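Please read the structure below before turning to the comments.
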Amino acid sequence: MRLKFLLVITAAFLSGPVLAADADNARMDTLVDQAVQRYQLPGIAVGVIENGKVVRRITRGELAVGEGAAINDDTLFKIASNTKAMTAAVLARLVQAGTLRWDDPVTKHLPQFRMYDPWVTRNMQVRDLLIHNSGLGLGAGDLMLWPEPNHFDRNDIIAGLAHLKPTGGFRADYAYDNLLYVVAGEVAAAAAGKPYSVLVRQEIFAPLGMQRCQVGEWSPSEVDNVARPHYRDGKKNIAAAADPARVDDFPSMAAGGIRCSLNDMLRWMQVLLDPAQTPGWLDATQRRALWTAHMPMPISQRLREWDNTHFLAYGYGWRLSDMDGQWKVAHTGTLSGMYSSLALLPDSKNGVVILINGEAEDARTALMQAMLKRYTAPAAHHDVLYYAQRIDHDAAQRRSAGHVRPAMPDRQPLKRDASSRHNGIWRDAWFGDVQLCPHEGTLRFASIKSPQMRGQVMHSGERWFVAWETQGEDAEAWLEFSGDAKHPVLRMRAIDPEIDFSYDYQDLEFQRIGDCP
């Protein structure tokens, strides 16, 4: 009898944690499935770490819809701006080695570096490149980075910075930028005497065992298992064109160009959460530097309501905040057709990473909230559908307040005979030349250095705008002419108030320099 009793007690003890783990896994699967179904995602990979250990990997969907190849733990995704944390870690490794200092002037390593204000040029330090405090406007100069591919190189980007007028004071306010991360990559390369791509492989991928990650130039056919971005066409996901035979080491690599698998990202997270994973890779001083609040950020009403957030700041490549009383370190990544999100709760060594190969801003937000709340507010039991409803409610409020693209039922191609006074070649100091020239009876806008920025000039009433050939309606822009006959000026303005900030049309100011060819 006694033996039987002990066996029953032992079985109950052992089955308890197992059953609890099974139930938790099932809940995580349910949350991912809710996101996939609610937002009709083409593919997703989600990883979860608890107490420093990987406890769940969840994958759904295909590399490209309709082609049958399933996403798995080793599928490569564009991690977009989650690259920034890796760029910061490369610099931290160089600081640790004594190759450079955080407070080095940028011009010490890049003598050609210039900002619009000479004083800012002299005083900009390496650390300033990482924390969005330059005084530049939100996304300033991003049209040199994307849409991709284009013909801007890193030298063009560094030279273009001198022509971007600030919208705020240096070190006074937070405004997210990408160009200065490109500069940060070039600072690292100049200080170490090696290209940025070589440094990332040497300082991060190799020592941490991130075997599938790709940076710089590489071959998708040789690497294989690469997710393709998707865009939405009504209710359908349409796969973007496949990568070329060789992916180039494009200029924005240090700001958002790395690709990694779910397994790679989980390894990255484990190393960040637990220094014992890789003794000596990054010392306590540099780890602390990465996750120190260097630049305060404004706290949105959503963060206050959803997470009871009281603190929000930018570190080196990371956003730092409190979530329901717990310390949170996180970042997101956004490229056309690819979304990522990574969040860590360092005090409990928990973390979640989400990789999606579709247009998925709201899906990313709702899923990450539901996954993290399992740790920060478990009693609430909020799922993806709960946060999706709140997101929809916020969007409806913005629409009712007028934050919506104006209806243009009368949009028509601009006829050639109506455009002659504005025909010609126009030049912006940082974006370069565009042609506004007749084409098949109408007027066509064509950027020389950014081939994706080409389209037909249309009109709605008296206003002119560009309907892009390869960008959606949400990226369309008004054309606004001013000045006099001797000094005409062309400016551009976004039509959609919800446009991605990287379409920084407001920073353009074209001068007419010649006639159409």
Side-chain angles (χ1 to χ4, degrees), residues 23-50 55-56 58-61 77 80-82 230 232 235 237 265 297-312 319-334 338-345 348 350-401 403-404 498 500:
D24 199 39
N25 288 342
R27 173 155 176 79
M28 286 188 274
D29 288 354
T30 296
L31 295 176
V32 173
D33 289 336
Q34 284 181 335
V36 171
Q37 293 162 16
R38 171 66 175 76
Y39 294 101
Q40 295 298 296
L41 303 178
I44 188 171
V46 178
V48 180
I49 291 175
E50 294 180 358
V55 297
R56 197 67 175 154
I58 307 169
T59 60
R60 301 283 189 270
F77 289 80
S81 285
N82 272 298
H230 291 74
R232 296 287 292 178
K235 295 183 179 181
N237 287 299
M265 296 303 287
M297 297 170 60
I299 300 173
S300 68
Q301 186 64 30
R302 173 183 286 184
L303 279 178
R304 291 189 185 279
E305 293 177 355
W306 287 18
D307 298 341
N308 193 30
T309 298
H310 297 81
F311 154 79
L312 180 63
R319 298 185 185 107
L320 315 171
S321 65
D322 62 308
M323 181 177 186
D324 302 316
Q326 295 192 36
W327 181 29
K328 175 184 169 186
V329 178
H331 214 284
T332 54
T334 303
M338 282 269 183
Y339 281 70
S340 68
S341 185
L342 189 159
L344 305 171
L345 303 173
S348 56
N350 295 338
V352 177
V353 62
I354 299 169
L355 306 170
I356 304 173
N357 64 334
E359 296 293 342
E361 181 174 6
D362 292 344
R364 172 184 67 186
T365 300
L367 179 56
M368 182 58 83
Q369 279 293 122
M371 295 292 282
L372 289 180
K373 288 291 185 177
R374 293 170 49 252
Y375 306 110
T376 67
H381 297 294
H382 292 323
D383 62 7
V384 169
L385 300 182
Y386 170 84
Y387 289 106
Q389 289 173 354
R390 298 196 69 172
I391 291 168
D392 290 346
H393 178 263
D394 291 347
Q397 285 191 320
R398 290 196 301 274
R399 287 193 297 271
S400 65
H403 293 277
V404 62
E498 300 284 314
D500 188 287

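Please read all numbers here as calculations on a predicted model, not as lab measurements.
In this structure, T376 and L345 have side chains that are in contact, with non-hydrogen atoms separated by less than 4.5 Å. Residues Q326 and L372 have side chains not in contact (no heavy-atom distance under 4.5 Å, counting atoms from C-beta outward). Counting heavy atoms from C-beta on, the side chains of R374 and L31 come closer than 4.5 Å. Counting only heavy atoms from C-beta outward, the side chains of H393 and Q389 never approach each other to under 4.5 Å. Using a 4.5 Å heavy-atom threshold, the side chains of L320 and K328 count as separate.
Side-chain polar atoms of Y386 and Q369 form no donor-acceptor pair below 3.5 angstrom.
Scanning for side chain to side chain donor-acceptor pair (under 3.5 Å) contacts around E305 gives Q301, with sequence neighbours left out. With sequence neighbours excluded, the residues satisfying salt bridge (charged side-chain N to carboxylate O under 4.0 Å, His left out) with D29 are R56. Applying the salt bridge (charged side-chain N to carboxylate O under 4.0 Å, His left out) criterion to R399, with sequence neighbours excluded, gives no partner residue.
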For I354 and Y339: C-alpha separation, side-chain torsions, deciding distance, then whether side-chain contact (heavy atoms from CB on, under 4.5 Å) applies. CA-CA 8 Å; I354 299 169; Y339 281 70; over 6 Å; no
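The closest donor-acceptor contact from the side chain of D324 to the backbone of K373 lies at 3.5 Å or more, if one exists at all. In this structure a side-chain-to-backbone donor-acceptor pair under 3.5 Å is present from H230 to N357. In this structure, E50 contributes its side chain and V55 its backbone to no donor-acceptor pair below 3.5 Å. Listed for the T309 side chain is a donor-acceptor partner under 3.5 Å among the backbone atoms of D322.
Of the candidates R38, R60, R27, D33 forms a salt bridge (charged side-chain N to carboxylate O under 4.0 Å, His left out) with just one, namely R60. The side-chain hydrogen bond (donor to acceptor under 3.5 Å, both in side chains) test with T334 singles out one residue from R364, E359, E361, and that residue is R364.
For R302 and D307, the salt-bridge test fails: no basic side-chain N is under 4.0 Å from an acidic carboxylate O.
What you find for P42 and G358 is that their closest heavy atoms are CG-CA, 3.8 Å.
Using cut-offs of 30° and 60° on the angle between ring planes, the pair W306 and Y387 is tilted.
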